[in-house]
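Below: the structure, in structure tokens.
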Amino acid sequence: MNSDLRDLYQEIILDHNRRPRNKGVVAEANHEAEGHNPLCGDQIKVTLLTENGLVIDIAFQGQGCAISTASASLMTEAVKGKTVEEATQIFREFQQMVTETGEAGDYSDLGDLEVFQGVREYPVRIKCATLPWHTLHAALVGEEKVSTE
Ligand code: ZN
């Protein structure tokens, strides 16, 4: 990864950490789950409203490091307005992007989420980046709590 790209990625993560999007609670949520990453101490609660298989609204709240907060913020932007199926597909692709070893794949279709590609070089941070996604997935399949341990 060239250093200009790395700087840009860092800028996006810092921006979403400073001004998280969709922070709070969806008042009329019909799905919710809490996630915990004991390794780092990240705590997150995801609430969302789905209707006819569409993610109408989604929000998150909690306490976490810059990576987990930025990841949650970018996640809410990525899945809002998508179908539940599409959201699940993005979750799988995201998961693959941050955990695969060897040559980095092409994840340009993930948009801004691609900024987390660098995380795979820092194994301890992978759980921070994936926690919001595991929590979203738990909410969608009806589990109330999820832990990365
Ligand atoms: Zn963390």
Side-chain angles (χ1 to χ4, degrees), residues 1-27 29 31-50 54-84 86-140 143 145-149:
M1 200 182 291
N2 71 51
S3 62
D4 283 354
L5 197 57
R6 200 183 292 266
D7 287 350
L8 171 70
Y9 282 3
Q10 221 152 45
E11 197 47 52
I12 293 174
I13 290 173
L14 288 176
D15 176 52
H16 276 265
N17 179 49
R18 270 195 302 261
R19 298 184 302 118
R21 322 299 198 265
N22 303 305
K23 187 129 195 235
V25 176
V26 175
H31 296 278
E32 64 170 73
E34 286 173 32
H36 183 211
N37 172 18
L39 207 65
C40 177
D42 308 315
Q43 305 253 23
I44 184 175
K45 180 172 183 179
V46 172
T47 53
L48 69 158
L49 172 67
T50 62
L54 264 184
V55 179
I56 306 288
D57 203 3
I58 178 168
F60 79 99
Q61 60 179 188
Q63 300 271 328
C65 64
I67 298 282
S68 69
T69 302
S71 179
S73 173
L74 280 152
M75 176 186 79
T76 58
E77 287 198 321
V79 304
K80 206 177 202 174
K82 298 281 197 309
T83 67
V84 169
E86 285 166 338
T88 306
Q89 181 59 31
I90 299 171
F91 162 59
R92 294 221 175 88
E93 242 183 284
F94 184 87
Q95 169 102 325
Q96 187 185 335
M97 176 181 76
V98 297
T99 54
E100 78 181 347
T101 52
E103 191 94 348
D106 177 13
Y107 293 98
S108 44
D109 58 326
L110 286 179
D112 276 352
L113 294 175
E114 208 185 356
V115 301
F116 291 100
Q117 189 155 42
V119 160
R120 67 194 202 120
E121 292 164 39
Y122 309 93
V124 75
R125 288 290 173 206
I126 293 173
K127 285 177 177 174
C128 302
T130 56
L131 177 68
W133 290 94
H134 284 295
T135 310
L136 168 65
H137 188 250
L140 287 173
E143 285 166 26
K145 281 197 161 76
V146 65
S147 171
T148 55
E149 288 304 289

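Just so you know, these numbers use all the heavy atoms, side chains as well, and skip hydrogens, waters and symmetry mates. Counting begins at 1 with the first residue of the sequence.
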Original post:
How many angstroms lie between CD1 in Ile58 and CZ in Phe60, if you round to the nearest 0.5 Å?
Top reply: 10.0 Å

**OP:** Starting at CG of Asn37, measure out to CD1 of Ile44 and round the result to the nearest 0.5 Å.
**Re:** 11.0 Å

Subject >> Glu86 side chain to Thr83 backbone, donor-acceptor under 3.5 Å >> reply: yes

Subject >> Glu93 and Asp109, any side-chain heavy atoms less than 4.5 Å apart >> reply: yes

Subject >> Heavy-atom pair with the smallest gap, counting every atom of Ala78 and Lys82 >> reply: O-NZ, 3.2 Å

Original post:
Is there a side chain to side chain contact (heavy atoms under 4.5 Å, CB included) between Ile56 and Thr50 once you walk through the steps?
Top reply: CA-CA 5 Å; Ile56 306 288; Thr50 62; 5.8 Å; no

Original post:
Once you round to the nearest 0.5 Å, how far does CD of Glu34 lie from OG of Ser147?
Top reply: 12.0 Å

Subject >> CG-SG distance between Leu131 and Cys65, expressed to the nearest 0.5 angstrom >> reply: 9.0 Å

**OP:** Could you give me the CA-CA distance, side-chain angles and deciding distance for His16 and Glu77, then say whether side chain to side chain contact (heavy atoms under 4.5 Å, CB included) is met?
**Re:** CA-CA 11 Å; His16 276 265; Glu77 287 198 321; 3.4 Å; yes

Subject >> Heavy-atom side-chain proximity of Lys145 to His36 below 4.5 angstrom >> reply: no

Subject >> Non-neighbouring partners of His134 that pass side-chain contact (heavy atoms from CB on, under 4.5 Å), sequence neighbours left out >> reply: Phe91, Gln95, Thr130, Val146

**OP:** Check whether any side-chain N or O of Thr76 sits under 3.5 Å from a backbone N or O of Ser73 as a donor-acceptor pair, and report yes or no.
**Re:** yes

Original post:
If you measure from CG on Asn22 to CG on Leu48, what distance do you get to the nearest 0.5 Å?
Top reply: 11.5 Å

Original post:
Is any side-chain heavy atom of Phe94 closer than 4.5 Å to a side-chain heavy atom of Glu114?
Top reply: no

**OP:** Mind listing the closest non-hydrogen atom pair of Ile67 and Cys128 along with its distance?
**Re:** CG2-CB, 3.9 Å

**OP:** Measure the spacing between CG of Asn17 and CD1 of Ile12 and express it to the nearest 0.5 Å.
**Re:** 13.5 Å

Original post:
Should Arg18 and Glu11 count as an ion pair when the cut-off is N to O under 4.0 Å?
Top reply: yes

Original post:
Where is the tightest heavy-atom contact between Thr148 and Pro38, given as atom of each residue plus distance?
Top reply: OG1-CD, 3.6 Å

Subject >> Donor-acceptor contact below 3.5 Å, side chain Arg21 vs main chain Arg19 >> reply: yes

Original post:
What heavy-atom pair brings Ala129 and Pro132 nearest, and what distance separates the two atoms?
Top reply: O-CD, 3.5 Å

**OP:** Check the pair Lys45 / Glu32 against side chain to side chain contact (heavy atoms under 4.5 Å, CB included), numbers first and verdict last.
**Re:** CA-CA 7 Å; Lys45 180 172 183 179; Glu32 64 170 73; 3.4 Å; yes

Subject >> Closest non-hydrogen atom pair, Ala59 against Val26 >> reply: N-CG2, 3.6 Å

**OP:** For Pro20 and Thr69, work out which heavy atoms get closest and say how close.
**Re:** CG-CG2, 3.9 Å

**OP:** Walk me through it: do Trp133 and Met75 pass the test side chain to side chain contact (heavy atoms under 4.5 Å, CB included)?
**Re:** CA-CA 7 Å; Trp133 290 94; Met75 176 186 79; 3.5 Å; yes

Original post:
Pairs in or reaching into residues 56-68: which pass side chain to side chain donor-acceptor pair (under 3.5 Å), with residues at least two apart or in two chains?
Top reply: Asp42-Ser68, Asp57-Lys80

Original post:
Between Arg125 and Cys40, is any pair of side-chain heavy atoms under 4.5 Å apart?
Top reply: yes

Subject >> Side-chain (His31) to main-chain (Ala139) donor-acceptor, under 3.5 angstrom >> reply: yes

Subject >> Heavy-atom side-chain contact between Leu74 and Phe116 under 4.5 Å >> reply: yes

